[in-house]
2 protein chains.
Amino acid sequence: MPGPIQSLSRAAAILRLLAGGERRLGLSEVATALDLAKGTAHGILRTLQQEGFVEQDPESGKYQLGAELLRLGQSYLDVHELRARALVWADDLARAAGETVYLGVLHQQGVLIVHHVFRPDDTRQVLEVGSMQPLHSTALGKVLVAYDPVARGELGDGPYESYTLRTLTEAGDVDAECALIRERGWTDSVEETWEGVASIGALIQDRRRNPVGAVCISGPVERVCEDGFVKPSLVASVRSAARAISRDLGAGRF
Amino acid sequence: MPGPIQSLSRAAAILRLLAGGERRLGLSEVATALDLAKGTAHGILRTLQQEGFVEQDPESGKYQLGAELLRLGQSYLDVHELRARALVWADDLARAAGETVYLGVLHQQGVLIVHHVFRPDDTRQVLEVGSMQPLHSTALGKVLVAYDPVARGELGDGPYESYTLRTLTEAGDVDAECALIRERGWTDSVEETWEGVASIGALIQDRRRNPVGAVCISGPVERVCEDGFVKPSLVASVRSAARAISRDLGAGRF
DNA sequence: CCACTGCGGTCGACAATGTCGACCGCCTGT
DNA sequence: ACAGGCGGTCGACATTGTCGACCGCAGTGG
């Protein structure tokens with residue numbers, strides 16, 4: 001049966017639609033957006049609701065994502081081997097560097113943040129686990145593109161979206177950057193996505209040298225950079241953390 | 001069409017199965033566990049995989065939850081109105097009380113943690129957003145059972161699982177406790193779930209006085225209690241935070 | 001006050017769809 | 001070399017999801 005199950009694909013599309021739109025959506029909105037008959041959309045929504053994947057606001061009748069998704073997302077993190085092994089190293093890295101640490105994996109056309117260590121001793125911060133970052137303009141993303149052919153494929157040929165004046169928007173520029181990354185073994189991203197923010201990232205690979213994710217530190221450009229370049233000491237910290245996690249992954253085959 | 005969509009329910013069951021088992025599961029394991037033909041299970045798994053809800057370890061062929069779930073779970077939090085309005089109050093409460101703050105909603109037979117503020121200035125802690133707590137032995141759970149008939153229904157008639165010597169395991173005891181909770185307007189849970197941990201919780205309700213969730217603070221029994229009772233000042237903090245969030249929910253009809 | 005329009009939800013006929021169980025090739029442990 | 005398990009495929013069958021018309025309701029503007 002080499003065809004995807006229609007009703008399931010449609011259900012997934014509905015979930016993604018609900019995740020995308022900021023506000024709740026009505027039955028008809030969902031049906032027209034996905035070009036489904038109202039009855040069909042209703043059947044799927046009702047099932048999703050009864051499974052807890054979707055909730056319905058009782059007074060407006062509109063639909064939104066359900067709590068079960070949060071629970072399952074958490075379970076995903078629990079099982080995630082890379083994350084489990086990286087937890088302690090990421091913590092150490094944050095402490096040593098004094099900056100925020102992110103751990104990301106390739107997911108579709110972006111980097112999914114699977115771990116996030118807050119900058120030590122600092123103000124209120126929003127947890128970004130579960131959110132996505134672009135491939136072509138972040139340290140995590142560029143590392144993955146440089147080493148993972150699948151990531152390079154997902155990136156496409158551009159031109160890519162521009163976030164700041166320093167964003168690389170042409171495929172050629174990104175590919176050149178990637179060659180440099182492979183040569184040096186790490187990358188930076190200075191104000192390529194957010195003004196004032198600089199990051200340093202390095203690759204994590206498994207026992208068979210397959211790229212499986214990336215770590216980075218991220219912080220205000222004044223603290224991460226010096227004389228226009230990222231501080232070598234921070235680069236060293238990130239690289240050694242990445243190596244440590246990779247080694248950890250290689251060792252632990254229970 | 002008043003029947004749930006079969007393939008969807010089955011897919012949900014598979015996801016829950018994968019979430020439950022700690023380790024990855026093979027196709028045959030999934031099929032036998034849910035009493036499905038292998039072909040059927042395979043079709044569903046393949047669709048789930050291609051939608052990103054499930055991933056397959058390329059060498060063992062076994063399945064685990066996929067990254068898309070994490071992303072959707074995050075989106076659920078983004079849309080969640082209670083959580084959005086409670087963020088700042090929870091923060092203030094944590095600072096004022098000097099203890100960990102949890103925000104939970106009823107989900108199936110438990111309390112789903114939708115927000116978690118770390119205890120200020122303290123050691124490494126694990127984020128528990130997305131995890132579940134029991135209804136009968138935690139401050140969050142007991143508050144919900146006391147005020148939400150649905151929660152009381154989900155709880156059933158017991159006997160309930162015992163975690164410590166102080167856990168209430170009989171329906172009668174819990175119901176008596178709930179009457180007290182309704183009278184006082186708050187509850188505590190001192191070493192009823194975890195040894196050494198005490199919590200204080202209060203109800204959050206929406207503009208129409210429906211129970212929608214609960215807040216609690218949680219910390220070591222030596223800090224939360226005094227002379228064998230929880231500190232009245234902490235109770236006051238929790239209750240005022242709960243009122244503030246409820247008021248906020250009542251006001252904000254965009 | 002009442003058409004009127006939009007909503008969420010239901011219904012039943014139809015055939016497209018998902019399901020089933022036998023089968024295949026592969027790897028692993030014996 | 002074999003047996004047994006695995007993940008995966010295939011094609012016939014009828015169960016199952018789909019479609020579009022229909023329903024009652026709520027809000028709205030004449």
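All values derive from a computational prediction rather than experimental measurement. By convention in this document, chain letters (A, B, ...) are assigned in the order of the sequence lines, proteins followed by strands, and residues within each chain are numbered from 1. Only heavy atoms go into these numbers, but all of them, side chains included; no hydrogens, no water, no symmetry mates.
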Review point. Does A:Ser60 or A:Ser7 map to a spot on DNA chain C nearer the 5' end, using the closest nucleotide for each?
Key: A:Ser60
Review point. Taking atom types as modelled, is there a side-chain donor on A:Glu128 or B:Gln74 under 3.5 Å from an acceptor on the other?
Key: no
Exercise for review: Check whether the ring centres of B:Tyr63 and B:His42 lie less than 6.0 Å apart, and answer yes or no.
Suggested key: no
Exercise for review: Find the distance B:Lys62:NZ to D:dG5:P and express it as a whole number of Å.
Suggested key: 14 Å
Practice item. Please determine, for the side chain of B:Leu27, which listed nucleotide (C:dG9, D:dG8, D:dT9) has the closest atom? Key: D:dG8
Check your understanding: At what angle, to 10 degrees, do the two end axes of the helix from C:dC1-D:dG30 to C:dA15-D:dT16 meet, given five pairs define each axis?
Key -> 0°
Check your understanding: Can we say A:Glu51 and A:Arg46 salt-bridge, meaning some charged N sits less than 4.0 Å from an Asp/Glu carboxylate O?
Key -> no
Point to revise | Side-chain H-bond candidate by donor/acceptor type, B:Asp78 with B:Ser75, under 3.5 Å | key: no
Exercise for review: With side-chain contact (heavy atoms from CB on, under 4.5 Å) as the test, would you mind laying out the steps for A:Glu81 and A:Leu249 before giving the verdict?
Suggested key: CA-CA 8 Å; A:Glu81 187 179 350; A:Leu249 279 173; 4.3 Å; yes
Exercise for review: Check the distance between D:dT18's P and A:Leu45's CG and give it to me in whole angstrom.
Suggested key: 12 Å
Check your understanding: About how many Å separate CD of A:Glu154 and NE2 of A:His107, when rounded to the nearest 0.5 Å?
Key -> 10.0 Å
Practice item. Nearest whole angstrom, please: distance from the C1' of C:dT19 to the CG of B:Leu34. Key: 15 Å
Revision key, fill the gap. Taking C:dG18, D:dG20, D:dT16 as options, the one with an atom nearest any side-chain atom of A:Ala37 is D:dG20
Review point. Of the nucleotides D:dC19, D:dT16, D:dG7, which one has an atom closest to the side chain of B:Ser28?
Key: D:dG7
Practice item. Could you check how far CG of A:Leu48 sits from P of C:dG9, rounded to whole Å? Key: 13 Å
Exercise for review: Starting from P on D:dC6, measure out to CG on B:Leu25 and report it in whole angstrom.
Suggested key: 12 Å
Exercise for review: For side-chain contact (heavy atoms from CB on, under 4.5 Å), just list the numbers for B:His115 and B:Tyr102, CA-CA rounded to whole Å, side-chain angles, deciding distance to a tenth of an Å, and then say yes or no.
Suggested key: CA-CA 6 Å; B:His115 189 54; B:Tyr102 293 103; over 6 Å; no
Exercise for review: Nearest whole angstrom, please: distance from the P of D:dG17 to the CG of B:Leu8.
Suggested key: 8 Å
Point to revise | Whole angstrom value for the distance that separates P of C:dG8 from CZ of A:Arg24 | key: 13 Å
Check your understanding: Between B:His42 and D:dG8, is there a side-chain N or O to OP1/OP2 distance below 4.0 Å?
Key -> yes
**Study point:** Nearest-angstrom distance from the residue atom CG of A:Leu36 to P of C:dG8
**Key:** 14 Å
Revision key, fill the gap. Of C:dG18, D:dT18, C:dC20, the nucleotide closest to the side chain of A:Ile5 is C:dG18
**Study point:** Proximal nucleotide (of D:dT18, C:dT10, C:dG8) relative to the A:Ile44 side chain
**Key:** D:dT18
**Study point:** Phosphate contact (C:dT19 OP1 or OP2) by B:Gln6 side-chain N/O below 4.0 Å
**Key:** yes
Point to revise | D:dG17 OP1/OP2 closer than 4.0 Å to side-chain N/O of A:Arg46 | key: no
Practice item. Counting heavy atoms from C-beta on, name the nucleotide in C:dG9, C:dG21, D:dG7 closest to the side chain of B:Gln56. Key: D:dG7
Practice item. May I ask you to test the B:Lys62-B:Glu29 pair for a side-chain heavy-atom distance under 4.5 Å? Key: yes
Point to revise | Greater than 12 external heavy atoms within 6.0 Å of B:Arg184's CZ | key: yes
Practice item. Indicate whether OP1 or OP2 belonging to D:dG17 is found under 4.0 Å from a side-chain N or O atom of B:Arg10. Key: no
Review point. So, does A:Gln56 use its side chain to make a donor-acceptor pair with the main chain of A:Gly61 at under 3.5 Å?
Key: yes
Exercise for review: Could you tell me whether the phosphate oxygens of D:dC19, OP1 or OP2, come under 4.0 Å of any side-chain nitrogen or oxygen in A:Thr40?
Suggested key: yes
Distances under 3.5 Å only, N/O to N/O: pair up the protein atoms with those of nucleotides 21-23 of chain D.
none

Practice item. For D:dC6, take OP1 and OP2 only and decide whether either is under 4.0 Å from a side-chain N or O of B:Tyr63. Key: no
Exercise for review: Scan side-chain atoms only and decide if A:Ser189 and A:Thr138 contain a donor-acceptor pair under the 3.5 Å cut-off.
Suggested key: no
